[in-house]
Amino acid sequence: MGRSYFVEEAVRQYLSDFSTKPKACVTGLLIGQCSPQRDYVILAIRTPPREEQNESNKNYHPKLADIDEEWVTGHASQLSRMLPGGLLVLGVFIVAAPELAKDIQNALRKLVFSVEKSIGKKRLWNFTEEEVSDRVALHLCSATKKILCRTYDMQDPKSSAKPADWKYQSGLSAFWLSLECTINVNIHIPLSATSVNYELEKNTRNGLTRWAKQIEEGVFLINGQAKDDDAELLEGQKKTSRGNIQHSIQPFDVKVLMQLSQSSGHRSTATVQVCSGSINLKGAVKCKAYIHNNKPKVKDAIQALKRDIINTLSDRCEILFEDLLINEAPEKKNSEREYHALPHRVFASIAGSNVMLCDYKFGDETAGEIQERFFEMLDQVVHGEAIHIAEEINIVDINPPVDNTDDTQQMQLTKATLLLKFQQNMGVVIAAAVAIFAVAFSFNYFSD
């Protein structure tokens with residue numbers, strides 16, 4: 001028996017709009033949540049067209065051969081940053097004419113595996129063995145409106161397609177449950193004496209990976225209580241006269257307790273390393289996760305929030321490094337002191353849903369720029385009143401070691417800038433003048 005996908009009714013209309021152009025071939029991503037019993041799809045988002053497609057010919061109809069795998073996977077990687085805890089890119093869709101049906105399945109299979117691989121490269125956490133590893137590949141015939149839904153097991157590159165049910169439901173995520181927390185961050189990442197500037201991102205990722213393990217091992221209190229992992233999240237909630245649980249608009253407030261030391265039975269080893277610099281991240285970060293309201297387990301809700309904590313800090317560091325690669329002056333000295341800021345987190349509401357998506361903004365970006373980026377990435381209009389900026393106070397100091405390999409650094413910088421051309425085209429990476437901010441992360445560069 002294949003998996004069942006319960007899909008937000010608005011997705012039906014969204015996909016149907018593309019089928020009004022019988023010759024068009026449209027690709028996109030499916031966003032939602034997995035659970036042991038069923039999967040939920042709350043959004044379908046088409047792949048943004050390239051700039052040259054928009055400018056050269058507005059009547060251009062892409063063909064199956066025109067599908068750019070790198071462009072689709074790049075969109076998936078960028079979009080994954082905008083998903084709070086609990087939401088994933090569940091798969092891909094293609095809307096195409098019936099004569100392409102034979103080739104569609106090969107294209108879908110290739111895309112669904114490529115998308116999952118691209119997103120997985122950046123994760124600092126791993127899926128558990130109990131979690132669903134299937135991802136969906138959806139084909140909508142533009143002529144007959146017929147849907148063919150199949151899944152592939154991402155743990156098996158040779159897996160064959162399995163049939164799946166695709167069922168629409170109105171108000172699917174209107175009463176989903178949310179969890180929120182503010183996590184205090186205090187991360188110290190030593191830099192070896194041989195480290196150079198372009199290795200800062202690598203060192204930061206290694207340090208965040210160690211910190212992510214501490215988050216995984218932390219104790220999470222829901223509304224001040226420690227709950228059993230297998231207990232239902234809504235256990236103890238008041239019921240109506242009809243026996244239904246009253247869903248509170250207020251999110252669950254979560255407190256995170258980090259372990260101060262390892263247990264006595266765990267053997268610890270020390271490593272001596274010559275260092276001449278460090279990266280220090282300190283502050284408070286707002287985190288948010290969502291989970292379906294069909295008898296959710298405590299462990300699943302906490303797991304979603306843990307992953308949001310890890311993702312949001314990692315994503316912000318990555319966004320800053322991308323910005324530095326584009327804006328950093330080539331003549332800058334490695335030991336020169338300067339300040340930068342990690343971006344704030346911005347949330348935006350989805351019409352007809354209790355779920356909010358997010359983005360990240362630098363201090364000098366306007367609300368209009370944020371709205372434009374939401375439209376480019378989500379293919380839907382987000383009004384200014386639907387955007388909420390998370391209040392965060394954070395400071396980061398970076399003390400890099402002295403580096404004399406200026407030529408090598410510049411080569412690395414040029415190569416990385418070329419690789420980021422795709423994000424520039426998509427409008428995701430915004431070239432921003434970086435200044436000192438009273439709130440947000442700050443990067444402080446100087447040598448010992």
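Remark: K162 NZ is packed, more than 12 non-hydrogen atoms of other residues, nucleotides or ligands lying under 6.0 Å away.
Two residues are said to be in side-chain contact when any heavy atoms from C-beta on lie closer than 4.5 Å; I279 and L281 meet this criterion. D229 is not listed as a side-chain neighbour of I302, based on a closest heavy-atom distance of 4.5 Å or more. Counting only heavy atoms from C-beta outward, the side chains of I310 and R123 never approach each other to under 4.5 Å.
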Item to check | S118 vs T73, side-chain hydrogen bond (donor to acceptor under 3.5 Å, both in side chains): CA-CA, chis, key distance, verdict | outcome: CA-CA 6 Å; S118 176; T73 57; 4.5 Å; no
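Between W125 and N311, the shortest heavy-atom distance links the atoms NE1-OD1, 2.9 Å. Among all heavy-atom pairs drawn from M258 and W211, the shortest one is CE-NE1, 4.5 Å. Between L208 and C317, the closest heavy-atom pair is CD1-SG, 4.1 Å.
Residues satisfying the side-chain hydrogen bond (donor to acceptor under 3.5 Å, both in side chains) test with W166, not counting sequence neighbours, are Y168. For the salt bridge (charged side-chain N to carboxylate O under 4.0 Å, His left out) test, no residue two or more places apart in sequence or in another chain qualifies with K146. W176 pairs by the ring pair (Phe, Tyr, Trp, His ring centres under 6.0 Å) definition with Y40, not counting sequence neighbours.
In this structure, R109 contributes its side chain and Q105 its backbone to no donor-acceptor pair below 3.5 Å. With hydrogens and angles disregarded, a donor-acceptor distance shorter than 3.5 Å links the side chain of S159 to the backbone of D156.
With salt bridges taken as basic N to acidic carboxylate O contacts below 4.0 Å, one links R12 and E9. Ion pair K286/E180 not flagged as a salt bridge, since none of the NZ, NE, NH1 or NH2 atoms sits closer than 4.0 Å to an Asp/Glu carboxylate oxygen. R81 has a carboxylate O that lies under 4.0 Å from a charged side-chain N of E322, or vice versa, which qualifies the two as a salt bridge. Between R3 and D165 no salt bridge is recorded (no basic side-chain N to carboxylate O distance below 4.0 Å). Between R373 and E365 there is a salt bridge, since at least one side-chain N of the basic residue sits less than 4.0 Å from a carboxylate O of the acidic one. For the pair R345 and D308, the salt-bridge criterion is met [side-chain N within less than 4.0 Å of a carboxylate O].
The distance from atom CG of N293 to atom OG of S173, rounded to the nearest 0.5 Å, is 9.5 Å. In this structure, the separation between CG on L138 and CG on L29 is 12.0 Å, given to the nearest 0.5 Å.
Cation-pi geometry between R38 and F6 is met: under 6.0 angstrom from the ring centre, within 45 degrees of the axis. Under the 6.0 Å distance and 45° angle rule, K255 does not count as a cation-pi partner of F220.
In summary, the side chains of D153 and S133 do present a donor paired with an acceptor at a separation below 3.5 Å, with no hydrogens or angles considered.
Among E70, E116, E69, the one residue that satisfies the salt bridge (Lys or Arg N to Asp or Glu O under 4.0 Å) test with K110 is E69.
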